[in-house]
Amino acid sequence: MAPKQKICLAYSGGLDTSCILKYLLEAQYTVVCFLANVGQEEDWEAVREKAIKIGAEKLIVRDLRKEFIEELCFRAVQCNAQYEGRYLLGTSLARPVIARAQVQVAKEEGCEIWREPEFFGRFQGRNDLLDYAEKMGIPVTSTKAKPYSMDDNIAHCSYESGQLEDVSRPPPDGMWTRTDDPLTAPNTPQEITVRFEKGLPVKVSSEGKEWTDSLDLFSALNAIGKKHGIGRIDIVENRFIGIKSRGCYDSPAMTILRWAHLDLEGLVLDGRVRSLRDQFVTHTWTEILYNGLYFSPEREFVENSLLFSQQRVNGEVKIRLYKGNCDIMGRSSETEKLYDESESSMDVLNFDPVDTTGFIHINAIRLKKYGLAKLEEGNDLAKA
């Protein structure tokens, strides 16, 4: 039988993509494997050898770490992105740069297919994949005794499926890879300083060391945060398709940067701009990314508003890390002057008390009518 069309397969070397690779080859397709380096802890040569051994024509690896950090992770920090108040979007943020690079590789290699409906439903779950891997002699690290799924990149590691699907039970001991246990973290706290320009982290310093390169400072925060157990969450979230699922995530650098940025904005960002950004931009941008709609006009529209809001977010934040906690120790800005110590002081009278009378009278016009309407309903607002 002549080989079928050439396919570009997003390949990780894990259980699912190794089984799919083998299945495609059994169906007589020519397969080019693509692997994105987005900062996962990986033995790249071992993955390459495995893909070739299974039968791939080649494995192409692209280093996407800097563009992942600068274009997606830092943008999420500027946005204070947090899905359903908890999840920092580590997996969602990686998808756009991975997809973009895979399309580029597919074009370069002359691949005709990136997504083929006939393969959907071939494997019903991880047990099917494990059975197929055993049958085909595919070496995998997953087992039926430890079947939870992991997705690792420089922003986080996620853990789902398998024994985690029982939401009443805690995660298994030893599961976390990007954070040490906060209970056994150092008894001595560590202080760091993060500098922002236009809402972007540009320098991190701690214990006499400084990092300014985006990849270097992000990696440094991951290492420091890991040691102090920063950034673990265990949640049940609502997926786009309407299913609730449990996800466990550890995101040291993203957690530290979000807290620092959020705190700095309190000092330097106009209150009304911040309110509008929080209500509209943060929520909408987060959902757009979570739902996989990065390449859309709505994302571009919302992001332009985000960038405008960050033009004057400049300054430094000092943070103390201790046993899973990020405590803000101070903040400052050399360029922004919205905060005035004398204005906010309780020891200085900043306006004439008579001015408050007019303010109260104006607001009372509407509220008096509301109170009278409640009385007519038999509801006296003065009663408990």
Side-chain angles (χ1 to χ4, degrees), residues 7-14 16-17 32-42 44 47-48 51 58-83 87-109 111 114-115 149-158 160 178 199-202 213-222 231 240 247 249-255 257-258 261 284-304 306-307 310:
I7 292 179
C8 183
L9 173 66
Y11 185 74
S12 68
D16 52 354
T17 57
V32 172
C33 288
F34 164 72
L35 177 56
N37 176 3
V38 284
Q40 64 270 45
E41 296 179 358
E42 192 70 79
W44 305 104
V47 176
R48 186 186 308 277
K58 64 174 70 172
L59 172 71
I60 296 173
V61 179
R62 291 282 168 87
D63 188 346
L64 308 176
R65 290 175 297 169
K66 290 203 75 165
E67 64 185 87
F68 175 39
I69 291 169
E70 294 175 358
E71 296 181 27
L72 276 302
C73 295
F74 282 179
R75 192 71 74 230
V77 171
Q78 286 182 303
C79 191
N80 300 322
Q82 199 175 43
Y83 184 71
Y87 173 40
L88 299 183
L89 302 175
T91 297
S92 305
L93 294 172
R95 289 177 184 142
V97 291
I98 294 172
R100 183 170 60 198
Q102 184 180 2
V103 170
Q104 292 168 355
V105 167
K107 289 181 176 179
E108 292 166 4
E109 296 297 321
C111 297
W114 307 326
R115 181 176 174 85
S149 173
M150 297 168 58
D151 179 33
D152 183 39
N153 62 49
I154 201 168
H156 84 166
C157 190
S158 68
E160 297 178 312
R178 288 201 168 264
L200 295 171
V202 295
D213 175 78
S214 58
L215 178 55
D216 290 343
L217 73 82
F218 202 92
S219 299
L221 286 177
N222 267 337
F240 185 32
Y249 310 95
D250 48 357
S251 314
M254 289 293 288
T255 299
L257 288 173
R258 183 179 186 277
H261 179 265
T284 305
W285 192 91
T286 299
E287 289 211 330
I288 287 171
L289 267 291
Y290 184 84
N291 295 335
L293 298 173
Y294 179 84
F295 298 104
S296 66
E298 59 267 32
R299 192 274 307 171
E300 189 171 356
F301 169 71
V302 170
E303 200 163 288
N304 274 297
L306 169 64
L307 294 176
Q310 298 298 293

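Note that these values count all heavy atoms, side chains included, but never hydrogens, waters or copies made by symmetry.
Sparse packing is recorded around CD of E300, with 12 or fewer heavy atoms of other residues, nucleotides or ligands lying under 6.0 Å away.
Every residue two or more places apart in sequence or in another chain that forms a side-chain hydrogen bond (donor to acceptor under 3.5 Å, both in side chains) with T17 is listed here: S12. Take I60 and apply the side chain to side chain contact (heavy atoms under 4.5 Å, CB included) test, not counting sequence neighbours, and it matches V32, K58, R62, V105, E109. With sequence neighbours excluded, the residues forming a salt bridge (Lys or Arg N to Asp or Glu O under 4.0 Å) with E67 are R100, listed by chain and number. Partners of F218 under the ring pair (Phe, Tyr, Trp, His ring centres under 6.0 Å) rule, at least two apart in sequence or in another chain, do not exist in this structure. Qualifying salt bridge (Lys or Arg N to Asp or Glu O under 4.0 Å) partners for D151, counting only residues two or more places apart in sequence or in other chains: none. Residues satisfying the side chain to side chain contact (heavy atoms under 4.5 Å, CB included) criterion with L215, sequence neighbours excluded, are R65, K66, I69, I154, D213, S219. Partners of E298 by side chain to side chain contact (heavy atoms under 4.5 Å, CB included), not counting sequence neighbours, listed by chain and number: I288, L293, S296. Shown here are the side-chain hydrogen bond (donor to acceptor under 3.5 Å, both in side chains) partners of R95, two or more places apart in sequence or in another chain: there are none. By the side-chain hydrogen bond (donor to acceptor under 3.5 Å, both in side chains) test, Q310 pairs with H261, E265, sequence neighbours left out. The side chain to side chain contact (heavy atoms under 4.5 Å, CB included) search around F301 returns F280, not counting sequence neighbours. Under the salt bridge (Lys or Arg N to Asp or Glu O under 4.0 Å) criterion, R258 pairs with no residue at all, not counting sequence neighbours.
Closest heavy-atom contact between L88 and S251: CD1-CB, 4.2 Å. Of all non-hydrogen atoms in W285 and L72, the two that sit nearest each other are CH2-O, 4.2 Å. Pairing each heavy atom of M254 with each of A155, the nearest pair is CG-O, 3.8 Å. Here the closest heavy-atom approach between residue A81 and residue L89 is recorded as CB-CD1, 3.8 Å. Nearest heavy atom pair, residue T91 against residue S158, reads OG1-OG, 3.7 Å. Across every non-hydrogen atom of F34 and A101, the tightest pair is CZ-CB, 3.6 Å.
Residues E70 and L200 form no side-chain contact, since every pair of their non-hydrogen atoms from C-beta on lies 4.5 Å or further apart. Using a 4.5 Å heavy-atom cutoff, the side chains of E42 and N37 are not in contact. Looking at heavy atoms from C-beta onward, F68 lies out of side-chain contact with I98 at the 4.5 angstrom threshold. Contact of the L35 side chain with the Q40 side chain is registered, since non-hydrogen atoms from C-beta on lie closer than 4.5 Å. Within the 4.5 Å cutoff, the side chain of N222 has heavy atoms near those of the P252 side chain. Using a 4.5 Å heavy-atom cutoff, the side chains of L257 and F74 are in contact.
Taking SG of C33 as the start and CD of Q102 as the end, the distance is 10.0 Å to the nearest 0.5 Å. In this structure, the separation between CG on N291 and CZ on R299 is 14.5 Å, given to the nearest 0.5 Å.
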Practice item. For side-chain contact (heavy atoms from CB on, under 4.5 Å), just list the numbers for V47 and Y11, CA-CA rounded to whole Å, side-chain angles, deciding distance to a tenth of an Å, and then say yes or no. Key: CA-CA 9 Å; V47 176; Y11 185 74; 3.7 Å; yes

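For residues 87-106, the ring-ring contact (aromatic ring centres under 6.0 Å, His included) pairs, not counting sequence neighbours, are Y87-Y249.
Just one of D250, D152, N153 meets the side chain to side chain donor-acceptor pair (under 3.5 Å) condition when paired with R178; it is D152.
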